[in-house]
Amino acid sequence: MLKPNHIIAPQPPHRQPEIEIMLDEVFGLSRQTKTSYRLREGEQAVDGLSFIMTSEQDELLGAISFWNLRIGEAGTEALLLGPLAVDPAHRGQGIARELMQYGLNEAARLGHRLVILVGDEPFYARVGFKKVPDGQLLMPGPVDAGRLLYLELVDGALAMASGLVLSPRRYKS
Ligand SMILES: CC(C)(COP(=O)(O)OP(=O)(O)OC[C@H]1O[C@@H](n2cnc3c(N)ncnc32)[C@H](O)[C@@H]1OP(=O)(O)O)[C@@H](O)C(=O)NCCC(=O)NCCS
């Protein structure tokens with residue numbers, strides 16, 4: 001349960017530098033070289049699907065965002081979840097789970113059908129993510145196959161998605 005004094009709100013533009021500093025601290029500066037970042041290059045996070053959690057004192061506790069993807073020749077639409085990060089001083093209080101659940105509910109409400117991510121299955125399984133069957137999705141860079149996960153917001157959505165995962169910009173060009 002969200003602590004009553006914790007607030008989830010859209011990521012405000014003026015807090016972007018603070019969010020980026022937290023992400024650098026949590027993931028290290030090499031985060032920009034990961035395949036998930038390649039999918040975000042030159043793109044904007046999905047409107048209405050980037051959130052922060054703050055404390056009563058307005059401290060930044062955690063952040064999450066979602067990005068548009070296109071999959072395979074059919075260009076099936078999906079979302080990429082991430083980055084998701086929680087300030088080290090505030091971990092283990094359910095902040096990540098709350099942020100994920102909030103973001104996934106909003107994504108479903110906005111009509112999105114499928115979410116994928118690269119991450120630790122034991123952690124993301126807590127909100128329903130499962131491993132993508134081997135070979136169904138091809139990422140545009142190195143990814144440990146056991147860390148490529150999906151969550152259907154609409155039953156059967158994964159069956160419609162197969163092939164190369166691209167950012168919308170690369171899919172068009
Ligand atoms: C992973 C992270 C987002 C979790 O944030 P959090 O607010 O502490 O998470 P929650 O409180 O919702 O959940 C904590 C639970 O998840 C577990 N957990 C955390 N990271 C895990 C992992 N990588 N694998 C499996 N379980 C994990 C914790 O052990 C804890 O278990 P418990 O509830 O049984 O005690 C945070 O540790 C973080 O920012 N880590 C660095 C960045 C990162 O790894 N991001 C995710 C990409 S894989």
Side-chain angles (χ1 to χ4, degrees), residues 1-3 6-13 15-41 43-55 58-69 71 77-110 112-132 137 139-153 157-158 165 167-168:
M1 269 291 283
L2 184 59
K3 288 195 179 173
H6 288 176
I7 297 158
I8 295 180
Q11 288 187 11
R15 289 192 89 151
Q16 276 312 313
E18 194 187 350
I19 295 166
E20 291 298 315
I21 289 169
M22 185 179 71
L23 294 174
D24 285 344
E25 282 171 3
V26 165
F27 292 103
L29 291 170
S30 66
R31 69 188 171 100
Q32 309 278 0
T33 63
K34 290 183 177 168
T35 298
S36 300
Y37 272 86
R38 262 186 237 172
L39 287 168
R40 296 182 196 122
E41 233 167 43
E43 304 284 342
Q44 299 289 324
V46 181
D47 255 0
L49 282 181
S50 290
F51 304 100
I52 54 171
M53 187 181 289
T54 51
S55 69
D58 203 31
E59 297 164 278
L60 179 64
L61 304 179
I64 191 170
S65 52
F66 293 82
W67 303 72
N68 284 313
L69 295 176
I71 300 176
E77 293 183 2
L79 292 175
L80 177 71
L81 186 161
L84 164 67
V86 170
D87 181 83
H90 296 91
R91 290 187 186 162
Q93 301 173 32
I95 291 173
R97 184 194 278 255
E98 290 286 349
L99 278 168
M100 282 191 286
Q101 208 53 74
Y102 189 90
L104 292 167
N105 288 346
E106 276 298 287
R109 195 182 61 79
L110 292 171
H112 295 281
R113 301 167 59 84
L114 179 67
V115 184
I116 69 167
L117 63 81
V118 180
D120 294 340
E121 193 264 347
F123 175 67
Y124 288 102
R126 292 162 172 250
V127 291
F129 279 87
K130 297 178 187 154
K131 285 181 189 157
V132 171
L137 301 182
M139 294 292 270
V143 165
D144 172 352
R147 290 170 52 80
L148 182 55
L149 311 179
Y150 76 97
L151 177 74
E152 291 178 333
L153 301 176
L158 185 71
V165 178
S167 63

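Count residues from 1 along the sequence.
Glu106 and Arg109 are joined by a salt bridge, as a carboxylate oxygen and a charged side-chain nitrogen come within less than 4.0 angstrom of each other.
Atom OG1 of Thr54 is separated from atom CD1 of Ile8 by 9.0 Å, given to the nearest 0.5 angstrom. Taken to the nearest 0.5 Å, the CG atom of Leu158 stands 6.0 Å off from the CG atom of Leu137. Once rounded to the nearest 0.5 Å, the distance linking CG of Leu39 with CG of Asn68 reads 11.5 Å. From Leu81, atom CG reaches atom OG of Ser65 across 8.0 Å, with rounding to the nearest 0.5 Å. Once rounded to the nearest 0.5 Å, the distance linking CG of Leu148 with CE of Met139 reads 5.5 Å. Interatomic distance, OG of Ser50 versus CD of Gln16, reported as 7.0 Å (0.5 Å rounding).
The minimum heavy-atom distance linking Ile64 with Gln11 is given by the pair O-NE2, 3.1 Å. Across every non-hydrogen atom of Phe27 and Ala85, the tightest pair is CE1-CB, 3.9 Å. Minimum interatomic distance between Gly119 and Leu149 (heavy atoms only, all atoms of both residues): O-CD1, 3.7 Å. The two residues Leu80 and Ser36 make their nearest non-hydrogen contact at CD2-O, 3.8 Å. Between Ile71 and Ala78, the shortest heavy-atom contact is CD1-CB, 3.7 Å. Smallest separation of non-hydrogen atoms from Leu151 and Val127: CD1-O, 3.8 Å.
With contacts defined as side-chain heavy-atom distances shorter than 4.5 Å, the pair Glu41/Ser167 does not qualify. Between Lys130 and Tyr150, the closest side-chain pair of non-hydrogen atoms falls below 4.5 Å. Contact check for Leu84 versus Tyr124: side-chain heavy atoms found under the 4.5 Å cut-off. Side chains of Glu43 and Leu69 form no contact here, defined as non-hydrogen atoms less than 4.5 Å apart.
Looking at Arg40, its side chain never comes within 3.5 Å of a backbone N or O of Trp67 through a donor-acceptor pair. Between the side chain of Asp144 and the backbone N or O of Gly146 there is at least one donor-acceptor pair closer than 3.5 Å.
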Self-check item: side-chain contact (heavy atoms from CB on, under 4.5 Å) assessment of Val86 paired with Glu98
Solution: CA-CA 11 Å; Val86 170; Glu98 290 286 349; over 6 Å; no

Practice problem: Would you check, one step at a time, whether the test side-chain contact (heavy atoms from CB on, under 4.5 Å) holds for His112 with Val46? | Solution: CA-CA 11 Å; His112 295 281; Val46 181; 4.3 Å; yes

Exercise. Evaluate side-chain contact (heavy atoms from CB on, under 4.5 Å) for Met100 paired with Arg126, printing each intermediate quantity in order.
Key: CA-CA 10 Å; Met100 282 191 286; Arg126 292 162 172 250; 6.0 Å; no

Practice problem: Kindly indicate, with the supporting measurements, whether the criterion side-chain contact (heavy atoms from CB on, under 4.5 Å) is fulfilled by Phe66 and Leu110. | Solution: CA-CA 12 Å; Phe66 293 82; Leu110 292 171; over 6 Å; no

